[in-house]
Number of protein chains: 2
Amino acid sequence: MSYQLELRHIHYFLAVAEDLHFRKAAERLYISQPGLSRQIKQMEEDLGILLFERHNRKVELTKAGTYLKRELSIYVKQLDDTFNHAHLLHQGKKGQLKLGYVGSAMQQIIPNLLLQSKKENPDIVFNLKEMDNQKQIDGLLNFDVDLGFVRLERVPNNIEIKPVLKDTFCLVLPKNHPIDTLNFKKLSQFKDDSFILFDPEYSKSYYEKVIQIFEDAGFTPSVSHLTIHSSSIYKLVENNFGISIVPKSLTLDTKEKVKFIELDMIKQRTDLSIVWNKMNRNPILTDVLNLVKHLKI
Amino acid sequence: MSYQLELRHIHYFLAVAEDLHFRKAAERLYISQPGLSRQIKQMEEDLGILLFERHNRKVELTKAGTYLKRELSIYVKQLDDTFNHAHLLHQGKKGQLKLGYVGSAMQQIIPNLLLQSKKENPDIVFNLKEMDNQKQIDGLLNFDVDLGFVRLERVPNNIEIKPVLKDTFCLVLPKNHPIDTLNFKKLSQFKDDSFILFDPEYSKSYYEKVIQIFEDAGFTPSVSHLTIHSSSIYKLVENNFGISIVPKSLTLDTKEKVKFIELDMIKQRTDLSIVWNKMNRNPILTDVLNLVKHLKI
DNA sequence: CTAATTGATAACTCATAGGTATTAATACTT
DNA sequence: AAGTATTAATACCTATGAGTTATCAATTAG
């Protein structure tokens, strides 16, 4: 089972598989087209597998070629990660973890995690990037992200999910709004207000959950603004453009002039969950997963 | 992030990492020692990572080298699997699945699985091997096995486990034994019999569970024989060397002259479980997992 | 019917993987 | 202490094959 095959062949194959065009791929690889053709042919002979179907004027992947494109592109990425990790070990670091997170996780859980991790393991390099839920899932699937913090209910098959923070919702009202904690009875008191909500594009399932809150209260809200930043929501509410509803963890540390009413009587909760890819071989991931699971919020 | 590095370097590195001896590794690789030394050096320069510490008369792996040995040997194996799978696709097959199983799974669940799978997907190649529990776990960890059938309670972290068959226990008695289904009352009736049991080396947790059955009945059995084959047990029981206790699924289709008493009143059950490695990228595995989970026994 | 575009083929060249011979450094032996 | 054995590294050589240029064959577009 020992091939003559080299990483070079794999890189060349992936280039052709992406472009489906020998000349273009050759240009991109800075080699000549005949050289590329020969290497691909050699790879096919080595493996005993036809990778491309050469038609008159177009190149197509075979079944086996399609499979190999998918697998090998992951393979080279993982190999790259492995060498990067080895590089960090060489420098005396313990490793690196690429974190993705929705903004609201930055309020508490991420800073806590970083502090505690720095304490227990100062040699872990963290790589933080704020991303929406879907971007994180994509990132996990192709190993650009090791660990994500999302507000999602369902995730693809290979992704693991575990809630770390169960959150109630809070109404966000301008300071001068007639209703406050004292005279608040039920949600339908707000059926004539217009609402500022998080953009469903950011998280469809989160948006649907919020809408369900209003459905349960017997009315459909008029939504006047959609945004993806809580600070924008607060600014808009403060200036009487409408009212809003947000996870409780987002109500901390606002300097805006708004007031909050916690809705602990409704059944909806929004989970902040950690997500990761089962296939991820980053040894740091296991450590940090344990840390997060035992993190006291 | 594009290296000059080739698979050749990785293979050479693994050889040296295993032998910790350049000359021996070179011999094994059928190349000269200086050639090998140079390739390793080139790899170290390429990666910017020192892989080995060359001491006076011995070679040692660095931290990064140790990590790379572990990871890269898995990569090489996965790459090999990937090409094998592609090869099967090329031949019009759907893929291959390497199954490990304890003997008792062959009684029912494995034949069922194979039959149903052949029906739904005639192009899957199955690769069967009877192995003890621990061998299967080892095989899963280094990807020699895709799916195992074990009698275990606990498995390592990266291994997933799911029970597929809950089994009661049965006493195995010689035909001429004074006790039978009619006059059997409780287990302690057998406290003076000597027992033939499955060797604890085969599965420690299974053995302990069986011993617990007797502890619960208030006595410690005298164990006269240990074996790993149910047929040996039946032969020995038939010839009055003692009595035994086995999972119910093993009582089928015996031509031996023994009788069985089902122990459905005791609390112990033995689970036959499927086990697999989370990191396994064999696309067939997902299909077969679904099949097994919905298999009617 | 010509021009353009595709991948494959042929013949050449030069970079380098791997070879031989040797050195340097150290560790056993006596 | 001197001699022998064992290790990996160094220096230099060579021959395989990756990559080149030029060209072909087959097709399509205008």
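Naming convention: chains lettered A, B, ... in sequence-line order (proteins, then strands); numbering from 1 in each chain. All values below come from the heavy atoms of this structure, side chains included, with hydrogens, waters and symmetry mates left out.
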Check: So what does A:Arg23 touch, heavy atoms closer than 4.0 Å: a base, only the sugar-phosphate, or nothing?
Finding: sugar-phosphate
Check: How would you label the contact of B:Arg8 with the nucleic acid (heavy atoms, under 4.0 Å): base, sugar-phosphate, or nothing?
Finding: sugar-phosphate
Note to self: Can you measure B:Glu27 atom CD to D:dT7 atom C1' for me and round it to whole angstrom units?
What the structure shows: 13 Å
Check: So what does A:Gly35 touch, heavy atoms closer than 4.0 Å: a base, only the sugar-phosphate, or nothing?
Finding: base
Note to self: For a quick test of reading the model: is some side-chain N or O of B:Tyr12 closer than 4.0 Å to OP1 or OP2 of C:dG18?
What the structure shows: yes
Next item on the list: Measure the distance from CG on A:Leu36 to C1' on D:dT21 and round it to the nearest whole Å.
Entry: 16 Å
Next item on the list: Please state whether the base of C:dA8 and the side chain of A:Gln33 form at least one donor-acceptor pair under 3.5 Å?
Entry: yes
Next item on the list: Calculate the interatomic distance between B:Glu53 atom CD and D:dA8 atom C1'; express it in whole Å.
Entry: 15 Å
Check: B:Tyr67 vs A:His85 aromatic rings, parallel, tilted or perpendicular, using cut-offs 30° and 60°?
Finding: tilted
Next item on the list: Rounded to the nearest 0.5 Å, what's the gap from CG on A:Asp199 to CD1 on A:Ile228? Could you check?
Entry: 7.5 Å
Check: Once you round it to whole Å, what is the distance between C1' of D:dA18 and CD1 of A:Ile40?
Finding: 14 Å
Check: Does a side-chain N or O from A:Ser32 land closer than 4.0 Å to OP1 or OP2 of D:dG19, or not?
Finding: no
Checklist line | A:Ile159 CD1 to A:Arg154 CZ distance, which is reported to the nearest 0.5 Å | finding: 15.5 Å
Check: Between atom NZ in A:Lys58 and atom C1' in C:dA8, what is the gap in whole Å?
Finding: 20 Å
Notebook entry, point to check: Looking across every strand, which nucleic acid part, if any, lies under 4.0 Å from A:Glu6 by heavy atom: base, sugar-phosphate, or nothing?
Noted result: nothing
Check: Using a cut-off of less than 4.0 Å, is there contact between a side-chain N or O of A:Gln42 and OP1 or OP2 of D:dG17?
Finding: no
Notebook entry, point to check: What is the distance from NE2 of B:His11 to C1' of C:dA17, rounded to the nearest Å?
Noted result: 16 Å
Checklist line | N/O donor-acceptor pair, side chain A:Arg38 with base D:dA18, under 3.5 angstrom | finding: yes
Notebook entry, point to check: Does a nitrogen or oxygen in the side chain of B:Tyr30 sit under 4.0 Å from OP1 or OP2 of C:dG19?
Noted result: no
Checklist line | Interatomic distance where CD belongs to B:Gln39 and P belongs to D:dA9 [whole Å] | finding: 13 Å
Next item on the list: Check the angle between the aromatic planes of A:Phe52 and A:Phe22 and answer parallel, tilted or perpendicular using the 30° and 60° thresholds.
Entry: perpendicular
Next item on the list: Assess whether atom NZ of A:Lys162 is packed by more than 12 heavy atoms of other residues, nucleotides or ligands within 6.0 Å.
Entry: no
Next item on the list: Name the closest nucleotide to the A:Pro34 side chain, picking from D:dA8, C:dT20, D:dA22.
Entry: D:dA22
Item checked: Length of the CD1-P vector between B:Ile31 and C:dA17, whole Å -> 11 Å
Note to self: Just to be sure I understand the rule, does B:Phe52 reach a base, reach only the sugar-phosphate, or reach nothing, if contact means heavy atoms closer than 4.0 Å?
What the structure shows: nothing
Notebook entry, point to check: Counting just side-chain N and O atoms, does B:Ser37 come under 4.0 Å of either OP1 or OP2 of D:dA8?
Noted result: no
Check: What is the nucleic acid contact for A:Lys41, judged by heavy atoms within less than 4.0 Å: base, sugar-phosphate only, or nothing?
Finding: sugar-phosphate
Check: Pick from A:Asn277, A:Asp146, A:Asp81: which one makes a side chain to side chain donor-acceptor pair (under 3.5 Å) with A:Asn282?
Finding: A:Asp146
